[in-house]
Structure formats: structure tokens, C-alpha cells
Amino acid sequence: MAQVKHYLQFKDFSRDDYDYLFARTRRIKEKFKAYQQYWPLTDRTLVMIFEKASTRTRLSFEAGMQQLGGSAIYLNTRDSQLGRGEPVEDAAQVISRMSDIVMIRTFEQEIIERFAANSRVPVINGLTNEYHPCQIMADIFTFIEHRGSIQGKTVAWIGDSNNVCNTWLQAAEVLDFNVHVSTPPGYEVEPERAGLYGTDHFEQFADPMEAAKGADLVTTDVWTSMGFEAENEERLRAFADWQVDADMMRAAGKDAVFMHCLPAHRGEEVSAEVIDGPQSVVWDEAENRLHVQKALMEYLLLGRVNS
């Protein structure tokens, strides 16, 4: 059996792979906007396994698979044997014999790595505590749509050094751009994780305004991610000076865009003036999860195509 290709971290693909995927995304999106039927995945089945709740991930994968002519099956761990102690390895053996591709949204990265190691079909990371590669694919495609190539540009990450931030750091290494990260004291990028990315494409700033200065893209996320709800009050106090507001966007480059992976809390990590303002591309960014994931599923199942 040929080796199965998975997508578990952003670094799993090369720059050449992403060049293809972004071009393919553009073509698939054009077909979608023109109401052209495109069913390359007829009779293919996507299984979506959710341990963490979701709106955009479920909708974009389920709708995307249907738009490609396939079908999608939703499983959550509360309603399956995975939630009753079945070993991940056993579940992978069974699920991958009954489907063509699997997307998992879970907690530890180790879970999805173990599943993929025992799967006969491609596995996609729909989000883990450590990484969120599909989100960053959508973000970079959105930047390309609005501003062209991201190579050599600067992305300012303001807020918590979470899974989305970690993935931006991987993307910077693969695609050759820079990431400025500013977090409150105690919430910095983990030293061992920072060491993975060297210093060529990544710099930490104590002052969020300095991180945003001259940036081509300013992005953030909620201050309290899933699993950290007990820390909410403490985090609200710690992150108070890390809101992306109009002053911060003025400090960025004159053509800078604002992104947020959503859902957003206006008045916390971002002001309403910014997220609802002219520099915000969050709605394009949200929609593009659908299109990049269609290109990704097509690629994992069919390889490179020309149609």
C-alpha cells in the first residue's frame, strides 16, 4: 500500500505544495462563485471527528465535501466509542476502513498523530491545542487575494501564543515571511517551541505597538481559548493592553489588513472599530476556510489535478 499523505501540521507541506494549493483554491473558488458543478470526489466519504466544539470547522468541511460531490459524516466523542475509552489506534483502524478521508478536531496533538499512524486514509488536523494549519492556509490565501504574495512580508500576532500563533511561526519558515509576536508577560511563545523556528523569521516584542509597527497583516485571537475558561478573569486583566484597536492599526503599514480566526469578542482582543472597519478581511478569511479545505481534500485524495 502506498504511503498515505496526512496534513497534521503546516510544515507537513513544502512551499511548492502551497503554491499549488493556493492556485488550486483560486480555481475551485472561481467555480463555486460561478455556480459551476464540480464533483471530483463523487462517492468519497469524509468522517469528521469532533472532541472540541465548532461552527466554522464543521460547516466548512461538511459543506466543502458535499460541494465536491462527496458525503460527510459527523462524529463526536460523546456519541461514539472514542468517548468511552476505545484506543485511538483501534478507532483509526476501523474508521479508516469505512471512509476515504478523516478530519479530527481534538485536544492534544499526540492524539491526531497516533490516529494518523494507524489510518489507511489521509487525516487532516481540524485543530489541536498545538496547531491549526487549515486556519493559517485560509489566512494566507486571503492575504494573497488582497495583497499578493506573502513572501518577505510581516505578520504581527498580538495576544496569546496559542495554537494559531504556533502555526503562523511554522508558516513563516515554510513560506519565507516574518512574524512579530507580542504577548503579556507569562504568555510568551514557549522557549522550546520558539527554538524550533530559530530567529530568522520570528521576533518577540514586549510592546504590542512595536510588534505592529509597519506590519502588513495584524492578527489576533480570543484571549481565552477552549480549555482555559477557568483562567478567563485572570486573562482579561493580563491582556488588557493587548487589544488590537485603531491606534495599533495606524501603527501598522498603510495597506495593512486585519484578521481574526473567529469567534471574536469585540471590546476584548479587538475593538469593534477595527473588526468592522475597512482594513478588516475577517469575512473573506472565514469563507476561505471552505475553499482551501476543498483544495486540500482534493489534493490528499487525488494528487495534483488540472481542471
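No hydrogens, no waters, no symmetry mates; every other heavy atom, side chains included, goes into these values.
Residues Thr77 and Glu51 bring no donor and acceptor atom of their side chains to less than 3.5 Å of each other. Using a 3.5 Å distance cut-off with no hydrogens or angles, the side chains of Asp139 and Thr142 do not pair a donor with an acceptor. Side-chain contact of Thr220 with Glu269: a donor-acceptor pair under 3.5 Å is absent, judged by distance alone. For the 3.5 Å distance criterion, the side chains of Gln204 and Glu188 fail to qualify, holding no donor opposite an acceptor. If you check the side chains of Ser307 and Arg24, you find a donor sitting under 3.5 Å from an acceptor.
There is a path of hydrophobic side-chain contacts, each under 4.5 Å, that joins Met297 to Leu302. Criterion: ILVMFWY side-chain heavy atoms under 4.5 Å apart, direct or through other members. Under it, Val189 and Phe10 are part of a common hydrophobic cluster. Cluster annotation: Val164 and Phe205 are assigned to distinct hydrophobic clusters (Ile/Leu/Val/Met/Phe/Trp/Tyr, side-chain heavy-atom contacts under 4.5 Å, transitive). No continuous path of hydrophobic side-chain contacts links Trp39 to Ile28 [ILVMFWY only; heavy atoms under 4.5 Å]. In the hydrophobic clustering of this structure, Val88 groups with Ile49; members are Ile, Leu, Val, Met, Phe, Trp, Tyr whose side-chain heavy atoms approach within less than 4.5 Å, directly or through other members.
A salt bridge between Asp284 and Lys29 is absent, with no side-chain N of the basic residue lying under 4.0 Å from a carboxylate O of the acidic one. Look at Arg250 and Asp245 and you find no salt bridge, because none of the NZ, NE, NH1 or NH2 atoms lies under 4.0 Å from a carboxylate O. Glu287 has a carboxylate O that lies under 4.0 Å from a charged side-chain N of Lys33, or vice versa, which qualifies the two as a salt bridge. Using a cut-off of 4.0 Å between Lys/Arg side-chain N and Asp/Glu carboxylate O, Lys213 and Glu210 are scored as salt-bridged.
A cation-pi contact, defined as under 6.0 Å to the ring centre and within 45° of the axis, is absent between Arg58 and Phe50.
The structure places OH of Tyr187 at 10.5 Å from CH2 of Trp242, a figure rounded to the nearest 0.5 Å. For the atom pair CZ of Arg27 and CZ of Phe32, the computed distance is 14.5 Å after rounding to the nearest 0.5 Å. If you take CD on Glu113 and CG on Asn125, they are separated by 8.5 Å, rounding to the nearest 0.5 Å. Atoms CD1 and CG, on Ile112 and Leu127 in that order, are 9.0 Å from each other to the nearest 0.5 Å. Distance NE2/His180 to CG/Asp207: 12.5 Å, rounded to 0.5 Å. With rounding to the nearest 0.5 angstrom, the CG atom of Leu21 is 6.5 Å from the CG atom of Asp17.
Tyr38 pairs with exactly one of Lys294, Lys31, Glu298 by the side-chain hydrogen bond (donor to acceptor under 3.5 Å, both in side chains) rule, that one being Glu298. Considering Arg289, Lys52, Glu62, His132 in turn, Arg289 is the only one that fulfils the side-chain hydrogen bond (donor to acceptor under 3.5 Å, both in side chains) rule with Thr57.
In terms of heavy-atom proximity, Met248 sits nearest to Met209 at CA-SD, 3.7 Å. Across Ala252 and Ala215, no two heavy atoms sit closer than the pair CB-O, 3.7 Å. For the pair Ala116 and Val123, the tightest heavy-atom approach, listed with the atom from each and the gap, is CA-CG2, 3.9 Å. Smallest separation of non-hydrogen atoms from Thr183 and Gly159: CG2-O, 2.9 Å. When all heavy atoms of Val174 and Phe13 are compared, the pair lying nearest together is CG1-O, 3.7 Å. Here the closest non-hydrogen pair linking Ala171 and Ile140 is CB-CD1, 3.9 Å.
For Arg147 (side chain) and Asp255 (main-chain N/O), a donor-acceptor pair under 3.5 Å exists by modelled atom type. Listed for the Gln279 side chain is no donor-acceptor partner under 3.5 Å among the backbone atoms of Val274. Listed for the Ser96 side chain is a donor-acceptor partner under 3.5 Å among the backbone atoms of Ala92. Side-chain atoms of Gln66 never come within 3.5 Å of backbone atoms of Ser71 as a donor-acceptor pair (strictly under, hydrogens ignored). Between the side chain of Asp12 and the backbone N or O of Leu8, at least one donor-acceptor pair lies under 3.5 Å. Within the 3.5 Å criterion, the main-chain N or O of Ala53 finds a donor-acceptor partner in the side chain of Arg105. Between the side chain of Thr45 and the backbone N or O of Ser99, no donor-acceptor pair lies under 3.5 Å. A donor-acceptor pair is defined here as one N or O able to donate and one able to accept, closer than 3.5 Å; such a pair exists between the side chain of Ser60 and the backbone of Arg56.
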Give the C-alpha distance, both sets of side-chain angles, the deciding distance and a yes or no for side-chain contact (heavy atoms from CB on, under 4.5 Å) between Phe22 and Leu175. CA-CA 12 Å; Phe22 293 139; Leu175 299 180; 4.2 Å; yes
Derivation and outcome, side-chain contact (heavy atoms from CB on, under 4.5 Å), residues Arg26 and Ile144: CA-CA 10 Å; Arg26 182 178 295 107; Ile144 292 168; 3.6 Å; yes
Derivation of the side-chain contact (heavy atoms from CB on, under 4.5 Å) call for Glu285 and Gln135: CA-CA 9 Å; Glu285 176 189 6; Gln135 181 64 56; 3.5 Å; yes
Should Thr219 and Val179 be marked as a side-chain contact (heavy atoms from CB on, under 4.5 Å) after you check the CA-CA gap, both sets of side-chain angles, and the distance that decides it? CA-CA 10 Å; Thr219 185; Val179 180; over 6 Å; no
Phe141 and His291: CA distance, side-chain angles, deciding distance, ring-ring contact (aromatic ring centres under 6.0 Å, His included) verdict: CA-CA 9 Å; Phe141 178 74; His291 305 302; 7.7 Å; no
ring-ring contact (aromatic ring centres under 6.0 Å, His included), that's the test. Do Tyr7 and Tyr299 meet it? Break it down for me. CA-CA 11 Å; Tyr7 190 56; Tyr299 178 56; 9.2 Å; no
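In this structure, Asp43 places its CG atom where only 12 or fewer heavy-atom neighbours from other residues, nucleotides or ligands lie under 6.0 Å away.
Looking at Thr128 and Asn163, their side chains never come closer than 4.5 Å, going by heavy atoms from C-beta outward. Counting only heavy atoms from C-beta outward, the side chains of Val281 and Glu145 never approach each other to under 4.5 Å. Contact check for His201 versus Asp176: side-chain heavy atoms found under the 4.5 Å cut-off. The closest side-chain heavy-atom distance from Tyr20 to Val305 is below 4.5 Å. In this structure, the side chains of Glu203 and Asn178 stay at 4.5 Å or more apart for every pair of heavy atoms. No side-chain heavy atom of Asp160 sits under 4.5 Å from any side-chain heavy atom of Trp223. Residues Val292 and Tyr18 form no side-chain contact, since every pair of their non-hydrogen atoms from C-beta on lies 4.5 Å or further apart. For the pair Gln9 and Gln109, the minimum side-chain heavy-atom distance is below 4.5 Å.
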